[in-house]
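One structure is given here, and the rest of the page talks about it.
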2 protein chains.
Amino acid sequence: MTTTGLDEFALLDETWRAVTPDAARRMLIAAAHAFAEKGYHATTTRDIASLAGMSPAAVYIHYRSKEELLFNISLLGHETSLALLNGIEGGDAAQRLRTAVSAFAGWHAEFHTTARVVQYELGALTPEHHAEVAELRRQIEQRMRSFIADGVAEGVFDVGDLKGATLAVLSLCIDVARWYQPGGRRTPDEIGALYADLVLRMVRPAG
Amino acid sequence: MTTTGLDEFALLDETWRAVTPDAARRMLIAAAHAFAEKGYHATTTRDIASLAGMSPAAVYIHYRSKEELLFNISLLGHETSLALLNGIEGGDAAQRLRTAVSAFAGWHAEFHTTARVVQYELGALTPEHHAEVAELRRQIEQRMRSFIADGVAEGVFDVGDLKGATLAVLSLCIDVARWYQPGGRRTPDEIGALYADLVLRMVRPAG
DNA sequence: GTCTATAGAATGATAGAC
DNA sequence: GTCTATCATTCTATAGAC
């Protein structure tokens with residue numbers, strides 16, 4: 001039994017491992033859960049403190065503002081999902097694209113809490129903070145585009161519009177964070193496999 | 001020159017044609033724009049009134065609460081996009097699916113303001129209001145699924161997982177509301193055409 | 001570092017004149 | 001139907017004790 005409203009799974013999420021001290025990490029995890037469930041603006045600093053098992057004032061010991069909590073979540077989330085794509089190498093172009101889509105879509109399901117904050121709360125960041133995560137988003141887009149471009153260059157993929165195809169693939173994966181519900185029909189791995197199949201069909205040349 | 005912050009395009013949007021009297025319609029349009037831009041919870045009733053060119057109290061002449069404004073927008077938006085799908089008939093299965101995807105994705109671009117409220121503010125509805133739009137969402141899902149199922153039954157489409165394919169197609173179209181920006185690289189019609197192509201590739205049997 | 005208490009501002013909604 | 005004025009509440013953030 002814990003003194004907070006956070007379950008064990010949330011506290012073991014490796015995304016937050018490097019955040020110290022413990023109270024700052026508990027606060028960040030509490031904020032991520034609250035932001036994901038009710039949205040940034042509907043979440044009060046009291047909600048966050050209460051979920052972390054601390055007083056309302058404790059938030060400001062570790063973070064300057066509510067927005068700084070959001071920024072930390074957004075930054076870590078973007079870095080984690082970019083690292084996923086950056087870690088993919090080896091195999092042929094189709095294998096790499098399959099792995100990329102499977103991992104990226106699967107991440108948006110398994111870590112839908114973080115992913116929702118990452119994808120749907122960009123507008124609540126300060127302009128400076130938004131610019132910082134926008135750069136990471138550009139890198140994510142470039143990575144995914146290169147996986148498709150590789151196959152086109154090798155002649156194993158056929159897409160009429162490279163930027164359009166990249167947009168659609170990223171969009172498909174990102175939207176998983178909106179509809180995914182734990183305990184639903186599909187596991188994150190199954191979603192990754194399904195989406196990788198669908199994307200490979202999209203880029204496959206006409207028979 | 002108008003006394004409100006709403007531009008001519010917003011006021012001519014046919015989605016709101018049946019809303020009377022004029023002040024109630026202006027308020028609804030103002031609310032849709034504010035909710036889409038900043039989110040429901042970040043929007044104040046003063047924002048809405050100001051955008052409609054009226055006093056803060058004027059909101060409550062035509063609507064019981066801020067949530068009732070949201071519900072009206074959500075209901076009208078869902079009804080409009082469902083009507084789009086319900087109006088599709090004739091042609092072969094591939095033509096109908098192409099038309100459906102093109103229209104549905106295109107709607108999420110052209111009416112991205114309404115679409116954003118429809119897709120991303122469901123959580124701010126009261127349970128009763130949410131249940132009412134959830135029924136419309138089920139009908140939208142069924143319609144899209146039937147367009148795919150028709151082609152499978154005729155043997156012109158090949159999908160391993162009908163529910164999964166339907167989910168992906170709807171997801172792809174819906175996410176347009178998140179990333180679309182007027183004045184961007186693609187027009188709503190071009191997005192519709194691009195997405196219809198990609199979806200037909202997804203359901204096309206192996207050569 | 002964490003707490004209790006609260007300042008200072010903003011919010012949703014209402015009262016009552018016109 | 002619309003306005004001005006305002007109530008009651010809630011919010012982010014800070015002060016100061018321990």
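All chains are named by letter (A, B, ...) in the order of the sequence lines, taking the proteins before the strands, and each is independently numbered beginning at 1.
- In this structure, Ile48(B) atom CD1 and dG12(C) atom C1' are separated by 11 Å, rounded to whole Å.
- For the pair Ile61(B) and Met27(B), the minimum side-chain heavy-atom distance is 4.5 Å or more.
- Atom CZ in Arg26(A) sits roughly 13 Å away from atom P in dG1(C) (whole-Å rounding).
- When rounded to the nearest whole Å, the span between NZ of Lys66(A) and P of dA9(C) equals 19 Å.
- Atom CE in Met27(B) sits about 13 Å away from atom P in dA13(C), given to the nearest Å.
- Atom CE in Met54(A) sits roughly 9 Å away from atom C1' in dC3(C) (whole-Å rounding).
- For the pair His41(A) NE2 and dT11(C) C1', the computed distance is 13 Å after rounding to whole Å.
- Nucleic acid contact for Thr44(A): sugar-phosphate only, since backbone atoms but no base atoms lie under 4.0 Å from a heavy atom of the residue.
- Of the candidate nucleotides dG12(C), dG1(C), dT2(D), dT2(D) has the atom lying nearest to any side-chain atom of His62(B).
- Between the CZ atom of Arg25(B) and the C1' atom of dG1(D) there is a distance of 16 Å, given to the nearest Å.
- Between dA13(D) and Tyr60(A), a contact under 4.0 Å exists linking OP1 or OP2 to a side-chain N or O.
- The CD1 atom of Ile61(A) sits 14 Å away from the P atom of dA13(D) (whole-angstrom rounding).
- Every side chain to side chain donor-acceptor pair (under 3.5 Å) that Asp197(B) has, sequence neighbours left out, goes to Arg98(B).
- Between Trp107(B) and Phe111(B), the ring planes lie tilted relative to each other; the angle falls in the 30° to 60° range.
- Atom CD of Glu89(B) has 12 or fewer neighbouring heavy atoms from other residues, nucleotides or ligands inside a 6.0 Å radius.
- Distances from the side chain of Arg46(B) to the nucleotides dT2(C), dT2(D), dT6(D) place dT6(D) closest.
- Where Asp47(A) and Arg64(A) meet DNA chain D, the nucleotide closest to each residue was compared, and Asp47(A) sits on the side nearer the 5' end.
- Residues passing the salt bridge (charged side-chain N to carboxylate O under 4.0 Å, His left out) test with Glu37(A): none are found, sequence neighbours excluded.
- Minimum atom distance to the side chain of Ala57(A) is reached by dC3(C), of the listed dT2(C), dT2(D), dC3(C).
- Ranking dT4(C), dT2(D), dA13(C) by closeness to the Ser55(A) side chain, first place goes to dT4(C).
- Ala58(B) comes within contact range of the sugar-phosphate backbone alone, with a heavy-atom separation under 4.0 Å but no base atom that close.
- Nearest nucleotide to the side chain of Ser65(A), out of dA15(D), dA13(C), dA13(D): dA13(D).
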